Amino acid sequence: MPILTCAGLSKSFGGTKALDGVDLTLEPGRIVGLLGPNGSGKTTLLKLANGLLRPSAGKILIDGKEPGVETKKIVSYLPDRACVPDYMTGAQLMAFYGDFYSDFDASAAKAMMERFEIDGRAKIKHMSKGTREKLQLIAVMSRRARLYLLDEPIGGVDPAARDVILGTIIANYDPSATVLISTHLIADVERVLDDILFLKSGKIVLAAPAEELREKHGKSVDEIFREVFRC
Amino acid sequence: MEWKFEAGAPIYAQIVETLRVKIVSGSIRPGEKLAPVRELALEAGVNPNTMQRALTELEREGLLYTRRTSGRFVTEDAGVLDAARRDLARRKLRAFLESMGELGFTGEELLALLKSENISEEEER
Amino acid sequence: MLGKLMKYELRATSRTMLPILGVMLLVSGLANLAVRWMNTDRLPAALSVILGLSMVAFILGLISLGAITVFVMVARFRNNLLRSEGYITHTLPVSVHAQIWSKVLTAALWYAAAIVTIVLSVVLLVLDVDFIRGLTDALGDILRLFTDFNNVEVLVELLVILFLESVAMSLMIFAALSVGHSFSSRKMLASVGVFILFAVLTQVVSGVRVSMVPDAGLAAGTETAARGFMESWRITCGHLALGAIVSGGIYYLITAWFLKNRLNLE
C-alpha cells in the first residue's frame, strides 16, 4: 500500500492555482526528490500532506487516511523555515518531541547532537542559524516515522552542513519508510534520490526513477531539470 | 562525500566501476568483509538502494559473495579476480588505443613512445 | 494529550507571567513601606510628591494587570498557533480541540492568579497593624454573611460564573484571532476588527435577551431580604452562565473551524 496518494489534488489561493490536479503515489523504502523552482507548489503540497492546508479539490491520503491526528503520528515534517520555540534549550526541544511522538528515539537524538557538537543546555535563541537548522533536522530525523517530509532541508546552508544533512538522511534510511525531499538545489541532492518528481506551475510534469532518467537521457538530473524548466 | 561521479551515466554503474578497480587492484583485499550497505552508501554519499544495486551487480560478476549471516565479502577466487583484472585492463587499453588513434598514432609509434616513457620514468627514480 | 499540552502551555506562559506577578507583589511590599514613611511628617515635600506619583503608577499597574494577562494569553495563542511556531504545534498528533482547551484552561488559570495577585497586592499595600485587626473583623463579617445565607453556595456559584466568563472571553478573543489570521495580510488588524465585531454582536444579543426575559427576581424587593437576594442572585447567575456557555460554544466552534480549515501560516 502506498504511503502517500494524491488524486486530482488542487489548491487555489484566491484566483491563483498553487497546485493543479496532482496525481501521485509514493511507495515505502524510497527517497524521493520533489523538484521544482520556487513557487512551483512544493511547499503547498507538503503543507497539504500535513493538514496545514485543506485541498480546494481532489484528495490527499497518507497511509489511506486524510491528514489528521492519526497521520500526524506517522509523518515527520521539516518545514521550510526555522520555527522551533526559541525559548527552549536543545535538550528541552528533544524532550518536547519525545513527549508527543511515541516513535521518537531519544538516544538517537542525543547521539546526533553529540556528533554535531550541539550543547543541549544552550538556549535555541542563542544558537546560530545553521545550528538551529541542524537541531530541527535532528528532531525530525530522530523519529522512526513512516513518512518524512523535508521541505528545503539544504536551502541556505553551507556545503559542510549540506553534507551532514544528506549524510543524516542516508544514515537513517529505513526500507519501510519513505523520504520526500523538496528542493530546487538538484545537483546537491540527486545522488541520494531513488525517484524524481518534477513540479512545474502546480503540475507534475515528470515522475521517474533517477537512474532511469540518467541512463535514458545521458545527463544528470540537474541538467534534465534545467532543460525542462528553461524559460 | 568522497566519491566523484560523472553527470551522464547511472550512479550504480559508476559505483560498480569504482569498486571493481578497488577489488582487482587489491585495495580491498580478497576475502575482506565489506561494510554494510548503509555505511558504504554514507561513505559514497549515495542512495542506499543505488549502493545495493551496485553490490548485487558485483555479486553477479562473482567479485563479491554473501554469507547469509555474516555479511558480504570479496571473493578469494584468484581466477575470478585475475580474469576481472585482465578484462578491466583490456577495456581501458581499448579506450586508450582509440584515443591515440584519434591523435594519429600507429602501433609502432605507440610502442616506441611507451618504451621511451618507461625509460625516462626509471631514470627519474 | 491535553495534560501534555497544558504542561507546555504553563511552562511557556509562566516565563512571562510569574515575573510580572512577582514584581507586582514586590512593588506592593515596597509601596507599603513608602506609605508608612509618608505618614511620618518628617518627609521633604518634593519626595512626598514623587512617592505620591509612584503610588499612582502602582495603582494603575495594578489595574492594568488584568489587561497585561489578557495580552500575554493573546500573544501565546498567536505565536504558538498562528505564526511560524504553528508549523510545529499543528503537526503534533493532537486534535485541534485539545489545542484550544489547553489554551483556554491555561488562560483561566492565569486570570485566577492575576485576581489573587491583585487582592494580595492591595492587602500588602495597606498592611498595617490596624489593618490586620480590621481585616480579621471583616473576615468574620464575610464569614457571617455566608453562614447567614446558610451556604457556601454563593461563593461556589460566583467562582463557576467567573470561570465560565473567563472561558467565554478567551474563546471570543481566540475566535477573533483565528478568523483575523486567515486573512492573507494585515492579520492583526483584521483580528482586532473581527474582535470588535464579535464584541458588539455579543452585546447586542445579550441586550435583546435581557429585554425579552425580564429579571423578575431582581425587581422583587418585597420579600424578605435573604430570600430576595438569593432568588435574584440565582436568576442572575443562571443568565450569566447561559450567556457564557452559548457565546463560548459559538466562539469555540468558530475557532476550531478556522484553525482546521482556514489556517494561513506565514
Side-chain angles (χ1 to χ4, degrees), chain A residues 11 13-16 43-44 46-56 62 65-89 92-93 95-104 123-125 132 135-136 139-140 143 145 147-149 151, chain C residues 1-19 72 75-103 106 178 181-187 190 256-266:
Chain A
K11 178 70 190 177
F13 298 104
T16 50
T43 295
T44 303
L46 296 195
K47 280 172 127 182
L48 284 162
N50 281 295
L52 296 175
L53 293 172
R54 299 280 153 189
S56 306
I62 286 153
K65 298 184 229 29
E66 282 187 10
V69 176
E70 287 309 309
T71 69
K72 286 169 188 178
K73 287 179 187 165
I74 59 167
V75 174
S76 192
Y77 173 45
L78 182 76
D80 64 342
R81 66 201 62 215
C83 54
V84 291
D86 61 2
Y87 51 84
M88 289 188 184
T89 66
Q92 280 171 342
L93 184 72
F96 173 81
Y97 270 80
D99 254 1
F100 284 100
Y101 297 106
S102 54
D103 61 5
F104 188 79
K123 285 226 163 144
I124 295 172
K125 73 173 101 178
R132 281 184 209 204
L135 196 68
Q136 207 167 340
V140 167
R143 287 184 56 198
L147 176 62
Y148 297 86
L149 299 173
D151 200 353
Chain C
M1 278 300 178
L2 182 62
K4 284 180 189 167
L5 285 174
M6 289 283 290
K7 176 173 121 187
Y8 285 97
E9 280 314 302
L10 288 175
R11 210 181 266 176
T13 44
S14 55
R15 271 182 329 119
T16 33
M17 284 309 292
L18 284 183
V72 172
R76 170 65 184 168
F77 188 88
R78 178 167 182 253
N79 289 332
N80 190 237
L81 288 169
L82 299 171
R83 304 183 78 200
S84 59
E85 214 179 296
Y87 280 89
I88 288 182
T89 316
H90 287 290
T91 47
L92 294 175
V94 177
S95 71
V96 75
H97 304 288
Q99 297 280 14
I100 297 173
W101 276 114
S102 72
K103 297 282 187 292
T106 307
S178 305
H181 282 68
S182 70
F183 286 53
S184 52
S185 62
R186 297 181 180 268
K187 291 162 188 270
W257 193 84
F258 271 82
L259 286 184
K260 232 179 178 170
N261 298 299
R262 286 285 179 270
L263 197 63
N264 188 8
L265 299 175
E266 286 140 54

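In what follows, chains carry the letters A, B, and so on, assigned in the order in which the sequence lines appear, proteins first and then strands, with residues in each chain numbered from 1. No experiment lies behind these values; they were computed from the predicted model shown.
Using cut-offs of 30° and 60° for the angle between ring planes, the C/Tyr87 and A/Tyr77 rings count as tilted.
A side chain to side chain contact (heavy atoms under 4.5 Å, CB included) with A/Phe100 holds for exactly one of C/Val94, C/Ile88, C/Thr91; it is C/Val94. Checking each of C/Arg11, C/Lys4, C/Lys7 against A/Asp99 for a salt bridge (Lys or Arg N to Asp or Glu O under 4.0 Å) leaves exactly one that passes, namely C/Lys7.
Contact check for A/Arg54 versus C/Lys260: side-chain heavy atoms found under the 4.5 Å cut-off. Using a 4.5 Å heavy-atom cutoff, the side chains of A/Phe13 and C/Ser184 are not in contact.
Within the 4.5 angstrom heavy-atom criterion, only backbone atoms of A/Ala82 (N, CA, C, O) approach chain C. Within the 4.5 angstrom heavy-atom criterion, atoms from both the backbone and the side chain of A/Val84 approach chain C. Proximity to chain A (any heavy atom under 4.5 Å) is shown, for C/Leu5, by both the backbone and the side chain. In this structure, no portion of C/Arg262 lies under 4.5 Å from any heavy atom of chain A. For a residue to count as touching a neighbouring chain, one of its non-hydrogen atoms must lie under 4.5 Å from one of that chain's; by this rule A/Leu52 touches chain C with backbone and side chain alike.
Each of C/Asn261, C/Leu259, C/Leu92 has some count of heavy-atom pairs under 4.5 Å with chain A, and the biggest count is that of C/Leu92.
Closest approach of C/Ser84 to A/Cys83, counting heavy atoms only: O-CB, 3.1 Å. Closest approach of A/Lys47 and C/Leu265 over heavy atoms only: NZ-O, 3.7 Å. In this structure, A/Lys72 and C/His90 approach most closely via the heavy-atom pair NZ-O, 2.7 Å.
Around the NZ atom of A/Lys123, the shell of radius 6.0 Å holds no more than 12 heavy atoms that belong to other residues, nucleotides or ligands.
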